[in-house]
Amino acid sequence: MSVRARWGEMAWPDVGQASLERRVVILPVGSVEGHGPHLPVDTDARIVDAVCQRVADAAPDRVVVLPTVWYGICPHHMDFPGSITISETTFIQYVLDVCESVARHGFRRLLLLNGHGGNQSALDLVARMVATRHPGVLCAATAYYVLPQAEAAEARVRDHPTRGSMGHADFSETSLYLAIQPEVVKMGRAVDQPLPAGGFGFAPEDAPVTLMQHWSAITPTGVLGYPTRASVKAGEVMLQGAVEGVIAVVDQLLELSPGPRVDHHPRQGPEEQP
Ligand SMILES: [Zn+2]
């Protein structure tokens, strides 16, 4: 357990010292939204937070983990009680403000680690805004569940049919929550809900097309996937895979240096006098 890898537990001189070291500052970003009749509404936030706490323990010399952004963008889940959504522009500005504060304190590498699909396009945008507005700062965005190590871990423990990785309150999320805090998962209520034919109505697995409807139009329970197959053991394997995936991204970011900008505008001469 390394206090010096957790931003929130550091005193300001410690943060100042960490800014002089080569570290990647990780911002975990979750969501609070309906996750089927069996999982807590904080599932996305709890899982990404747990992944990052384990990263802090595993690589305390290379990372600083910020306190988790608990709320995200989930207007498509608002038909399910308990969902809390942040309007898109507010969310973008809020996460940007966090990142710019981190940059102000001298850190040069940031990783926005997402735990909820609905946040991804906004986080990608924030990462670009930070990197282009702050010379010398690298800011990357990804989600724990798309990292190859996480996907490989899920494939090792999965024993049910699957169509792509898009699931919700499914085998993966249920197993992960079981590995984090089993007593709040109501497995007796878990129901399987296969992905609808044609994905969400547009076969997104077959074409790079983005389409999101209200979640209540896609699934009656909020579940998409096979949560009844979930287990603590599978969750532990997947947690480990996610941690390894995040550390691999951290190591890549540590090897990377921002390239020098080149201004290709033609040089302007003195303005001609009339
Ligand atoms: Zn989720």
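Both ligands and their constituent atoms are indexed starting at 1 by order of listing. All residue numbers in this chain count up from 1 along the given sequence. Remember, it's a predicted structure, so these values are computed and weren't measured experimentally.
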> Will you find, in the side chains of Thr174 and His38, an N or O donor that is under 3.5 Å from an N or O acceptor?
Replying inline: yes
>> Listing by chain and number, which protein N, O or S atoms are under 2.8 Å from the Zn ion (ligand 1)?
In response: His35 NE2, Asp44 OD1, Glu173 OE1, Glu173 OE2
>> With no hydrogens and no angle check, just 3.5 Å: does a side-chain donor-acceptor pair link Gln213 and His76?
In response: no
> Do Asp42 and Tyr177 have side-chain N/O donor and acceptor atoms under 3.5 Å apart?
Replying inline: yes
> Without hydrogens or angle criteria, can the side chains of Gln53 and Arg6 be said to hold a donor-acceptor pair below 3.5 Å?
Replying inline: yes
>> Are His77 and His214, when compared by the centres of their aromatic rings, separated by less than 6.0 Å?
In response: no
> Without hydrogens or angle criteria, can the side chains of Asp79 and Ser216 be said to hold a donor-acceptor pair below 3.5 Å?
Replying inline: yes
